[in-house]
Amino acid sequence: LRQPGRANPTDATWLDQRFDFGSGAARTSMRVREAIDPTTAPLSYRYADMPAPAPGEDLDLVPVEVDAGEATPPTPPEVIGATNAPTPLGAVTTSTTVSIGAPQGPRREAFGEADIGPGGTRVFLKLEGITGTRRGAGSFDVFLNVPPGADPATLPDRRVGRVATFGVPEASVPGASHAGSGISDTFEITDIVRALQASSGWDPSQVRVSFRPVPSASGSIPEGDVTVGRVSVFVA
Amino acid sequence: MTAAVSVGRRRGRRLRRDLLWPKPEAWAWVGVGCAWLVLASPAVSDPARLLGGAHAHAPLDVVAHPAVMAVAMMVPLALPSARYVGESSLWRRRHRSIALFLASYVAAWTAAGAVLTAVAGIASPAPRRAVVGVAFGVAVAHQLSAGQLARLRSCQRTFPLAPEGRDADLDCLRFGTEVGRACIASCWAAMAAATAAHGVVAMAAVLAISLDERRTWRLTRGVQVRAALLLGLVGLLVIAASPG
């Protein structure tokens with residue numbers, strides 16, 4: 001963790017937890033402790049906001065967006081709106097509307113147009129309880145405030161991110177490894193909200209979230225039965 | 001006077017900011033502490049009750065005692081879910097949602113606990129060592145049984161909660177019942193053993209074992225076996241401390 005006032009656990013169970021990546025000859029196994037300091041082998045890279053390498057050090061530089069807001073302890077995230085019912089995703093673009101309101105907690109006076117952005121309030125979109133049973137369901141691109149009838153693909157500046165359904169069937173079945181609640185994804189939407197506010201495309205009472213199925217390499221849309229249990233908007 | 005009020009307000013604000021903002025479920029520990037005081041109170045007049053005592057419950061106690069036990073022993077296990085409920089709720093609803101979740105969770109456990117207490121009452125004429133031995137034996141066997149990891153994992157489920165209104169209240173109640181049911185499936189035998197032991201020390205030991213078991217997100221056979229061994233050890237200690 002590179003955040004003030006916070007530290008990684010020192011529990012050996014966590015530090016020695018091993019994860020396997022890839023398959024066949026490319027299969028790699030790493031322990032958590034090997035990934036804590038990315039500047040040391042086997043990762044050997046450095047984020048742009050980390051101290052400069054010593055002379056002779058040859059490390060890849062990974063650009064990272066430095067957020068001035070990280071300098072102060074974060075306030076707890078606050079839900080400002082969520083859907084009432086699950087959203088089934090299909091072979092065509094599906095949309096749902098999230099009713100939102102102004103924050104009432106620590107960020108209650110910091111949700112105006114000038115307050116959102118670096119160093120100020122950050123906004124997040126959370127997709128919870130993504131479940132499904134059919135393997136091979138494709139991915140979905142998520143968009144914000146796409147007008148009804150419009151093709152999300154024509155509004156790339158409103159694209160929030162992509163939901164991959166890899167692992168969803170396994171996470172949807174209760175067992176020793178999963179509780180059966182599916183997976184969750186969280187996307188930061190601060191920049192999109194700022195841009196929408198600037199272009200008068202932001203409605204402070206509701207957010208429209210659209211899920212556009214991503215065609216496979218062959219151009220087909222894989223069949224699936226993926227459902228998003230809840231779509232919510234957070235501020236922090 | 002004004003200065004004292006001002007200091008009090010500042011402390012209140014700091015308590016909210018440092019404790020209740022990041023851990024909205026923290027107030028539940030007050031209830032847990034009170035429940036432990038109630039459970040430990042008989043030992044004030046008779047310290048031997050710390051290790052256990054006879055199962056003589058008035059009819060009302062068959063419900064009241066399991067309810068207090070549920071708050072003392074089972075609420076701590078549900079606090080991660082309670083925090084999830086708080087963090088998933090609108091700010092003004094956070095504590096209401098947590099209260100509804102915990103109320104239905106405790107209600108589910110109270111119903112199960114009443115059955116366990118009644119069974120323990122029926123078994124009370126039998127030698128105490130035999131009752132405790134059977135109860136802890138069943139707890140160890142249940143702990144080692146196939147499916148225990150899945151039952152434990154089920155306690156960590158989440159639930160898409162509606163944000164507002166009656167739907168939100170009902171979702172919190174439903175989620176509390178679901179987590180309660182999952183927790184009963186994974187912990188009923190350990191709770192039965194604690195009920196049979198009928199002593200605060202054994203109850204605290206069973207709670208400590210259960211908390212330790214849930215401390216890690218990666219539930220393994222090793223975690224399962226360690227909990228079973230510790231339960232067996234507590235059982236042996238209770239039997240050794242019991243009159244023949």
Side-chain angles (χ1 to χ4, degrees), chain A residues 5-6 9 11-14 16-19 32 73-87 98-108 111 124 126-131 171-184 227-236, chain B residues 13 16-24 26 80-81 83-95 97 146-168 170-171 175 178-179 182 185-186 212 215-224 226:
Chain A
R6 304 182 73 183
D11 182 12
T13 311
W14 182 74
D16 292 326
Q17 173 63 46
R18 193 170 277 283
F19 289 93
V32 169
T75 54
E78 176 186 345
V79 184
I80 58 168
T83 48
N84 242 328
T87 307
V98 184
S99 297
I100 61 171
Q104 296 171 335
R107 290 280 174 189
R108 63 182 171 278
F111 199 57
F124 299 88
K126 186 173 184 184
L127 312 176
E128 291 175 69
I130 303 172
T131 56
S172 303
V173 179
S177 302
H178 300 283
S181 308
I183 65 168
S184 294
T227 297
V228 181
R230 181 172 117 142
V231 181
S232 54
V233 178
F234 280 76
V235 295
Chain B
R13 273 200 299 270
R16 282 200 300 273
R17 188 193 64 201
D18 296 343
L19 186 65
L20 291 179
W21 281 4
K23 295 176 183 173
S81 298
R83 184 181 299 179
Y84 162 78
V85 169
E87 290 176 344
S88 301
S89 299
L90 295 176
W91 194 266
R92 65 175 182 278
R93 282 192 50 94
R94 292 196 317 162
H95 300 302
S97 297
Q148 176 65 357
L149 289 181
R151 289 192 289 269
L152 280 172
R153 181 68 72 190
S154 196
C155 300
Q156 299 173 345
R157 68 181 60 183
T158 56
F159 193 94
L161 300 168
E164 285 194 89
R166 194 164 159 267
D167 287 347
L170 290 174
D171 278 352
F175 185 43
E178 275 200 19
V179 174
S186 65
D212 176 65
R215 195 169 52 90
T216 174
W217 63 268
R218 190 163 189 264
L219 296 168
T220 61
R221 181 74 179 158
V223 172
Q224 194 182 355
R226 185 175 63 191

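Any value given below was found using the heavy atoms of this structure, including those in side chains, with hydrogens, waters and symmetry copies removed. Computed from a predicted structure; not experimentally measured.
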Quiz item: With distance as the sole test, does Arg153(B) use its side chain to make a donor-acceptor pair with the main-chain N or O of Ala176(A) at under 3.5 Å?
Solution: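 Looks like yes, one N/O pair under 3.5 Å.
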Which heavy-atom pair separates [X] from [Y] by the least distance, and what is that distance?
X	Y	result
Glu87(B)	Val79(A)	O-CG2, 3.1 Å
Pro160(B)	Gly229(A)	CB-O, 3.4 Å
Leu90(B)	Gly81(A)	CD2-N, 3.9 Å
Pro76(A)	Trp91(B)	CG-CH2, 4.2 Å
Ala179(A)	Ser154(B)	CB-CA, 4.4 Å

Quiz item: Considering only heavy atoms, which portion of Thr220(B) lies under 4.5 Å from any heavy atom of chain A: side chain, backbone, both, or neither?
Solution: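 Nothing of Thr220(B), per the 4.5 Å heavy-atom cut-off to chain A.
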Quiz item: Contact part of Leu152(B) toward chain A, heavy-atom cut-off under 4.5 Å: side chain, backbone, both or neither?
Solution: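 Leu152(B) has no heavy atom closer than 4.5 Å to chain A.
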Self-check item: Arg166(B) CZ: over 12 foreign heavy atoms closer than 6.0 Å
Solution: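 Not more than 12 within 6.0 Å, no.
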Exercise. For the residue pair Arg230(A) and Ser88(B), establish whether any side-chain heavy-atom pair is separated by less than 4.5 Å.
Key: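 Contact flag for Arg230(A)/Ser88(B) side chains = yes.
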Exercise. Mind ranking Lys126(A), Glu128(A), Glu78(A) by heavy-atom pairs under 4.5 Å with chain B and telling me who comes out on top?
Key: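 Highest number of pairs under 4.5 Å: Glu78(A).
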Exercise. Among Asp167(B), Asp171(B), Leu161(B), single out the residue with the greatest number of heavy-atom pairs under 4.5 Å to chain A.
Key: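 Of Asp167(B), Asp171(B), Leu161(B), Leu161(B) has the most heavy-atom pairs under 4.5 Å with chain A.
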Exercise. Give, as side chain, backbone, both or neither, the part of Ser184(A) having an atom under 4.5 angstrom from any heavy atom of chain B.
Key: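 Contact with chain B: none, neither part.
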Self-check item: Heavy-atom contact with chain B under 4.5 Å, split by part of Ser99(A)
Solution: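 For Ser99(A), there is no contact with chain B at all, as no heavy atom is under 4.5 Å.
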Self-check item: Gap separating the NE2 atom of His178(A) from the CD atom of Gln156(B), nearest 0.5 angstrom
Solution: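 If we round to the nearest 0.5 Å, His178(A):NE2 and Gln156(B):CD are 11.5 Å apart.
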